[in-house]
Amino acid sequence: MQRAGGGGRADREQAGKQAGEQAAQRVGQQPGPHRDAGRAGSRLGGAGSVLEGLDPQQRHAVLAPRGPVCILAGAGTGKTRTITRRIAHLVNTGHVRGDQVLAVTFTARAAGELRMRLAGLGIADAGTGPVQARTFHSAALRNLSYFWPRVYGEEPWQLLDGQFRAVAQAVRRVGLDPSTETIRDVLTEIGWAKSSLLTPDTYAEQALALGRDLPVPAPEVARAFRAYEDLKVSGPVRMLDFDDLLGHMADLVEDVPAIAEEFRDRYRCFVVDEFQDVTPAQQRLLSAWLGKRDDLTVVGDVNQTIYSFAGAEPDFLLGFADRYPGATVVRLESDYRSTPQVVDLANVVIGAGAGHFRTAGLTLTGMRPPGPEPQLNEYADEDSEAEAVAGAVADLVHGGLDPSEIAVLYRVNAQSERIEAALEQAGIGYRLKGGEGFFERPVIRRAMSTIDRMVDGSDEATVQAGARLTDPTEVVAAIRQVLEPLGLTAAEPSGAQARETWNALTALVGLAEEIATAESRSGVLPVVAGLRERAAARHAPDERGVTLASFHAAKGLEWDAVFLIGVHEGSLPISHAINAGPDAIEEERRLLYVGITRAREHLSLSWSRSRRAGGRATRRPSRFLDPVRPAGGPAAPRPSSDSSDKGRCRSCGEKLTGPMHRALGLCPDCAVEVDTGLFERLRDWRKDTAERIGKPAYTVFTNDTLAQIARDRPADTRALGRIGGIGAHKLGEYGDDVLRLIREG
């Protein structure tokens, strides 16, 4: 690949000759590890302190001789402790100076943790200079900045600030849709291509062969990729993006012997964390750093490979022993994070997988004292699930557990809204990791502005048309129609960003549908008001509150209690992974495994049979739970693609009218067991209660919940708590009033 500042390898070699002679002189003056490393070891603690508190497998990894070492470290097995102790041992025993070690990982947080642990072991104060612990990109940037003048002289370069804007310009230049979603998807594809060592000329063929999820045809993405690369070198200063840093640094080490010699003398020992996530571009740079040497320690866990879509190549970890035939391979399988109950569930879920990951994966042993059994819970609808989870969270908090030690995890960010609302109702603070609150997301803010225009008078015809709508299904259809230009297509689109937008808008329409069916007033205005009230009810993030995060954002973190929600087919595995085939489905299995292993003690997995109360129970639990669900456990049928019966009686097919019958899905003739008088009394009570507390009526109970109460007429608190949509909080808040109304009837 030709890069900035020259015509390829020959030019770089020629440019480096003079600098090479000077570098050789400097190299000759530098003390080697055989001179200073021994003195450094005398200033550090002895081997006993480094080995203190390690189990036999960890000790084996720490004491392994110099050379290639592969540490297969499962979740909670102490990998950070092990690799920092190994570095300390190598420095202590004089094998290497501290400043000759380069440890690389994937996040700044992880690199900071390595530096902190090493400082605690005295490595940073050993008088030999600190161990360099950096991300791949940070290390490449530091060294490229140092070596660039040796080859390119005074030719300026600059790190690209605002890659999105540059890609947007390239997208417009080649005539593609300039929507935010398309630009972000093209940006993602460019990043994947560079991570996979692809150029604009080779991208399309490989993307098609792998079935990449693309917003536009692969050749069009390749054209935008080419335009983006041209834009970066069209100005007076060459622009490099973060992915370019890896390629340029690899070029310099591969092509300029003097630079390779100086770098390899400076760094003698390499440690790579999260090796299952290494991309081909990172592996190329690592190989250039090493040269013909093999003083390399890698740490990874194939069971936690969840970034293949971004270019991660787990075969580098799986094939490490083949690449280095004499490598020491150590398996860390003692889990000190989670209880045996949590670990056993994780082992069963991951052990049911297929392919070469299954044979290469680890089987953990829980080392903590026994704890409660993980809970597998099924609910009628998403609101019932969210309210039950919020109630369980409240119970843990009231029992003394710090809210910051609790997390609720989900597959996609669009799933956060209902648990946000349920926690608000329960009075539990929360914070979102790796994302914004549902109503704060740009796509939802744009959607709310669009919906506002249906009632704000800016388009009189639209306002009048909305006011004439009386049936909730018509109101929802009108809202869906105005959101179509924002990305709410009839079917789920391709492209990761377009799909994320679609999921968020679909969730918003689901909320609108609930409000429309609960409102006694007709038209669009009450629904828009209800959405605004729901958005206004959100409080500022509580940094000491419960963590809400996607499974991906939770990787590397842990909590005392973890709730995994939405664990049903179509969500986990997600629908586009099901369509993509077995490899994508297995990555979804590993994603669930990552979620499970975040829990130290309390673990709950839950799913709902339908999206909304009274909806068709078409969902079934995730296939990944099949080995752990009780025999004969509840399971809904697989979803049907036929939606022609929506708004009709599920018994006789007659069109439904009135809120109670739409909620039940039954017409008056078929709903003979429902106490219609009780339903109306409950609606009156709900209206009075909502006015008293200053909240929308649907936040008290939906029509669906009231209809179920009127049908089942529960006699006590226990029976009332089994009604869909009544969680622990609402049972305590409204249970006595509801039971009184039932008795009075």
Contacts under 3.5 angstrom, residues 103-111 side chains, donor-acceptor by atom type, not counting sequence neighbours:
| residue | atom | partner | partner atom | Å |
| --- | --- | --- | --- | --- |
| Thr107 | OG1 | Ala110 | N | 3.0 |

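- Looking at Thr135, its side chain does come within 3.5 Å of a backbone N or O of Ser138 through a donor-acceptor pair.
- Taking the centre of each ring, His576 and Phe309 stay at or above the 6.0 Å mark.
- By the side-chain contact (heavy atoms from CB on, under 4.5 Å) test, Gln283 is found to be paired with Phe275, Val278, Leu286, Ser287, Phe316, Arg323, residues two or more places apart in sequence or in another chain being considered.
- Across Ala73 and Val299, no two heavy atoms sit closer than the pair CB-CG1, 3.9 Å.
- With sequence neighbours left out, Asp201 forms a salt bridge (charged side-chain N to carboxylate O under 4.0 Å, His left out) with Arg226.
- The aromatic rings of Tyr203 and Phe225 lie perpendicular to each other, with more than 60° between the two planes, well past the 30° mark.
- For the side-chain contact (heavy atoms from CB on, under 4.5 Å) test, residues two or more places apart in sequence or in another chain that qualify with Ala281 are Leu197, Leu246, Thr279.
- Applying the ring pair (Phe, Tyr, Trp, His ring centres under 6.0 Å) test to every pair with at least one member in residues 204-223, sequence neighbours left out, gives no pairs at all.
- With sequence neighbours excluded, the residues satisfying side-chain contact (heavy atoms from CB on, under 4.5 Å) with Ser196 are Trp192, Leu198.
- Using a 3.5 Å distance cut-off with no hydrogens or angles, the side chains of Gln415 and Glu417 do not pair a donor with an acceptor.
- Residues forming a side-chain contact (heavy atoms from CB on, under 4.5 Å) with Gln169 (at least two apart in sequence, or on another chain): Arg173, Leu231.
- For Asp583, the CG atom counts as loosely surrounded, since its 6.0 Å shell holds 12 or fewer non-hydrogen atoms of other residues, nucleotides or ligands.
- Side-chain atoms of Glu181 and Thr501 include a donor-acceptor pair closer than 3.5 Å.
- Sorted by first and then second residue, the salt bridge (charged side-chain N to carboxylate O under 4.0 Å, His left out) pairs involving residues 294-307 (not counting sequence neighbours) are Arg66-Asp295.
- Under the salt bridge (charged side-chain N to carboxylate O under 4.0 Å, His left out) criterion, Arg134 pairs with no residue at all, not counting sequence neighbours.
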TODO: Evaluate the criterion side-chain hydrogen bond (donor to acceptor under 3.5 Å, both in side chains) for residue pair Gln163 and Tyr228; output intermediate values, then yes/no.
DONE: CA-CA 9 Å; Gln163 191 179 13; Tyr228 168 73; 3.0 Å; yes
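- One N or O on the side chain of Glu587 and one on the backbone of Ser308 form a donor-acceptor pair closer than 3.5 Å.
- For the residue pair Arg411 and Ser550, no side-chain donor N or O sits within less than 3.5 Å of a side-chain acceptor on the partner.
- If you check the side chains of Tyr146 and Glu262, you find a donor sitting under 3.5 Å from an acceptor.
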Donor-acceptor pairs under 3.5 angstrom involving side-chain atoms of residues 481-489: please list them, not counting sequence neighbours.
| residue | atom | partner | partner atom | Å |
| --- | --- | --- | --- | --- |
| Thr489 | OG1 | Ala491 | O | 2.6 |

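- With sequence neighbours left out, the salt bridge (charged side-chain N to carboxylate O under 4.0 Å, His left out) criterion links Glu229 to Lys194, Lys232.
- A distance of 5.5 Å separates CE in Met249 from CZ in Phe263, rounded to the nearest 0.5 Å.
- In summary, the side chains of Thr182 and Asp177 do present a donor paired with an acceptor at a separation below 3.5 Å, with no hydrogens or angles considered.
- Looking at Asp265, its side chain never comes within 3.5 Å of a backbone N or O of Glu261 through a donor-acceptor pair.
- In this view, Asp230 satisfies the salt bridge (charged side-chain N to carboxylate O under 4.0 Å, His left out) rule with no residue, not counting sequence neighbours.
- Between the side chain of Arg142 and the main chain of Ala139, no donor-acceptor pair closer than 3.5 Å is present.
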